[in-house]
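Worksheet for the structure shown next.
Keep in mind the model is a prediction, meaning the values are calculated, not measured.
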Amino acid sequence: MLPIEDIASKYLKIVRKFVFIPKKLNTYITQSNCDIVHIHGFMSIGIVQAINAAHKQNKKIIYSPHFHPFKYLRNPLLGKLFFYLILKPILHKIDTIITINKEDSAFFKRYHSKVIQIPHWSNISQSHINLPKQKDMILFIGRNDSNKGLEHLYNLPTHYQVHCVTKGPLKRKDFILHERLSDSELSLLYQKASIVVVPSKYEAFSLVALEALSYHTPIVISNRVRIADYLTGDSGYSIFKYHDYTDFNNAICKTLQMNNINFKQLLLPFRKENIQEKYYQVYNN
């Protein structure tokens with residue numbers, strides 16, 4: 001893994017996107033002396049530039065799109081135009097596509113012969129989990145924008161203790177706002193929360209949900225949060241219909257009453273060692 005380095009770029013006002021300066025991008029790939037270039041992202045001109053630059057240098061290319069269905073983008077039409085006119089024509093230059101859920105797997109299998117689905121892994125040590133849960137404490141972590149579904153929480157009854165790790169202001173004065181937390185402070189909130197909610201319009205996976213489960217905290221997620229593709233059993237999580245506030249409240253009530261949750265079983269698909277081995281196999285092949 002190379003050190004993080006910002007490759008020189010410039011802003012194109014006409015498309016409101018940053019693009020790499022081609023010479024700098026080509027030099028960066030050359031000087032890395034790598035065998036494989038692993039590219040992450042979807043709705044970005046830089047992704048197309050990176051694929052073309054790596055292909056020109058005869059590098060093997062692995063691509064992780066972190067795909068969002070077009071209907072969930074801010075501008076679905078522009079998303080379709082970008083994919084079908086700009087990105088799709090160069091997918092043949094890619095050796096392997098790595099997806100993170102069933103939805104993006106099904107989508108990219110239409111356009112590429114080698115698609116492998118691998119989830120994200122959890123890095124949280126189980127030895128750090130030692131705090132008791134606070135009764136009726138609900139935790140939200142995410143941006144304060146329309147995609148993250150914070151409005152669901154505004155419709156909750158007032159007897160819940162709602163903590164929001166986000167950027168203020170919030171629309172309810174009884175909510176507790178946390179900004180600029182350290183990792184250790186965030187860890188304490190994860191451990192103390194009765195449940196963590198992820199009411200997003202769409203999440204290709206959800207690291208927040210994975211971190212919550214890793215801290216042995218149950219989750220309530222919308223039916224558009226795709227970590228659900230890996231969850232099994234009927235305990236430790238609840239799924240509600242997005243923008244159905246009654247269903248959201250019912251899911252919270254149901255999850256708060258869950259006991260004897262087998263978190264070890266829930267976390268099996270996300271074991272770091274197993275997932276790293278899958279990546280090694282992709283690279284070696």
Could you walk me through whether H66 and F42 satisfy the ring pair (Phe, Tyr, Trp, His ring centres under 6.0 Å) test, starting with their C-alpha distance in whole Å, then the side-chain angles of each, then the deciding distance to 0.1 Å, before giving a yes or no? CA-CA 7 Å; H66 309 284; F42 186 57; over 10 Å; no
Are the side chain of N101 and the backbone of I227 linked by a donor-acceptor contact shorter than 3.5 Å? no
Could you check if a side-chain atom of I261 sits within less than 4.5 angstrom of a side-chain atom of H216, using non-hydrogen atoms only? no
Report yes if the side chains of L12 and K17 come closer than 4.5 Å at any heavy-atom pair, otherwise no. no
Under 3.5 Å: donor-acceptor pair, side chain of Y230, backbone of R226: no
Take the angle between the ring planes of F70 and Y84 and call it parallel below 30°, perpendicular above 60°, tilted in between. tilted
Should we count CZ of R180 as having more than 12 external heavy atoms under 6.0 Å? no
How far apart are the closest heavy atoms of L266 and L213, and which atoms are they? CD1-CD2, 4.1 Å
Can you list the steps and then say if F18 with K10 is a side-chain contact (heavy atoms from CB on, under 4.5 Å)? CA-CA 6 Å; F18 282 95; K10 59 183 177 181; over 6 Å; no
What closest approach, in Å, do G79 and L73 show between heavy atoms, and which atom pair accounts for it? CA-CD1, 3.8 Å
Under a 3.5 Å distance rule, please check whether D95 uses its side chain to pair with a backbone N or O of K60 as donor and acceptor. no
Passes side-chain contact (heavy atoms from CB on, under 4.5 Å), Y160 versus M137? Steps please. CA-CA 6 Å; Y160 291 121; M137 176 181 167; over 6 Å; no
Evaluate the side-chain proximity of I100 to Q117: yes if any heavy-atom separation is below 4.5 Å, no if none is. no
With under 30° as parallel and over 60° as perpendicular, where do the rings of H163 and H178 fit, or are they tilted in between? parallel
Are I176 and Q161 close enough that some pair of their side-chain heavy atoms sits under 4.5 Å apart? yes
From CD1 (I98) to OG (S64), nearest 0.5 Å: 4.5 Å
Once you round to the nearest 0.5 Å, how far does CG of L268 lie from CZ of F270? 9.5 Å
For the aromatic rings, using the six-membered ring if either is Trp, is the centroid distance between Y202 and F67 under 6.0 Å? no
Is there a chain of hydrophobic side chains (I, L, V, M, F, W, Y, each step under 4.5 Å between heavy atoms) that links L181 to V196? yes
Would you find more than 12 non-hydrogen atoms of other residues, nucleotides or ligands less than 6.0 Å from Y280 atom OH? no
How about I118 and I116: do any of their side-chain heavy atoms sit closer than 4.5 Å? yes
Answer yes or no: are there more than 12 heavy-atom neighbours, outside N123 itself, under 6.0 Å from its atom CG? yes
Considering all heavy atoms, the nearest L153-V162 contact: CD2-CG1, 3.4 Å
Using 4.0 Å as the upper bound for N to carboxylate O, is an ion pair formed by E203 and K148? yes
Minimum side-chain heavy-atom gap I62-V37 below 4.5 Å: no
Yes or no on side-chain contact (heavy atoms from CB on, under 4.5 Å) for S187 and D183, after CA distance, side-chain angles and deciding distance? CA-CA 6 Å; S187 173; D183 288 346; over 6 Å; no
Do the side-chain N and O atoms of T217 and Q191 include a donor-acceptor pair separated by under 3.5 angstrom? no
So CZ of R172 and SG of C164: to nearest 0.5 Å the spacing works out to 9.5 Å
Apply the side chain to side chain contact (heavy atoms under 4.5 Å, CB included) test between N52 and each candidate in I61, L25, I90; give the one that qualifies. I90
With ring pair (Phe, Tyr, Trp, His ring centres under 6.0 Å) as the criterion, how do H152 and Y242 come out once you've worked through the C-alpha distance, each side chain's angles and the decisive distance to 0.1 Å? CA-CA 9 Å; H152 291 79; Y242 177 73; 5.4 Å; yes
Any non-hydrogen side-chain atom of L188 less than 4.5 Å from a side-chain atom of L131? yes
Heavy-atom closest contact (D229 atom, K102 atom, distance): OD2-N, 2.8 Å
Taking the side chain from H40 and the backbone from I47, do they hold a donor-acceptor pair closer than 3.5 Å? no
First locate atom NZ of K71, then atom NZ of K201, and finally report the distance between them rounded to the nearest 0.5 Å. 11.0 Å
Please lay out, stage by stage, how L170 and L150 fare under the test side-chain contact (heavy atoms from CB on, under 4.5 Å). CA-CA 9 Å; L170 299 173; L150 187 55; 3.8 Å; yes
Does the ring centre of F175 sit less than 6.0 Å away from the ring centre of F140? no
Between D247 (side chain only) and K241 (backbone N and O only), is there a donor and an acceptor less than 3.5 Å apart? yes
Could you check if a side-chain atom of F20 sits within less than 4.5 angstrom of a side-chain atom of Y28, using non-hydrogen atoms only? no
Enumerate the residue pairs fulfilling side-chain hydrogen bond (donor to acceptor under 3.5 Å, both in side chains) with a member in residues 250-268, sequence neighbours excluded, ordered by first and then second residue. S238-T255
Tell me whether the rings of Y279 and Y283 are parallel (<30°), tilted (30 to 60°) or perpendicular (>60°). tilted
Checking S122 against E211 for the side-chain hydrogen bond (donor to acceptor under 3.5 Å, both in side chains) test, could you report, in this order, the C-alpha distance in whole Å, the side-chain angles of both residues, the deciding distance, and whether it holds? CA-CA 7 Å; S122 172; E211 288 178 349; over 6 Å; no
Minimal heavy-atom distance between P119 and F205, with the atoms involved, is CB-CE1, 3.9 Å
Can you give me the closest heavy-atom contact between G168 and L177, atom names plus distance? CA-CD2, 3.7 Å
Okay, side chain of N284, backbone of Q281: is any donor-acceptor separation there less than 3.5 Å? no
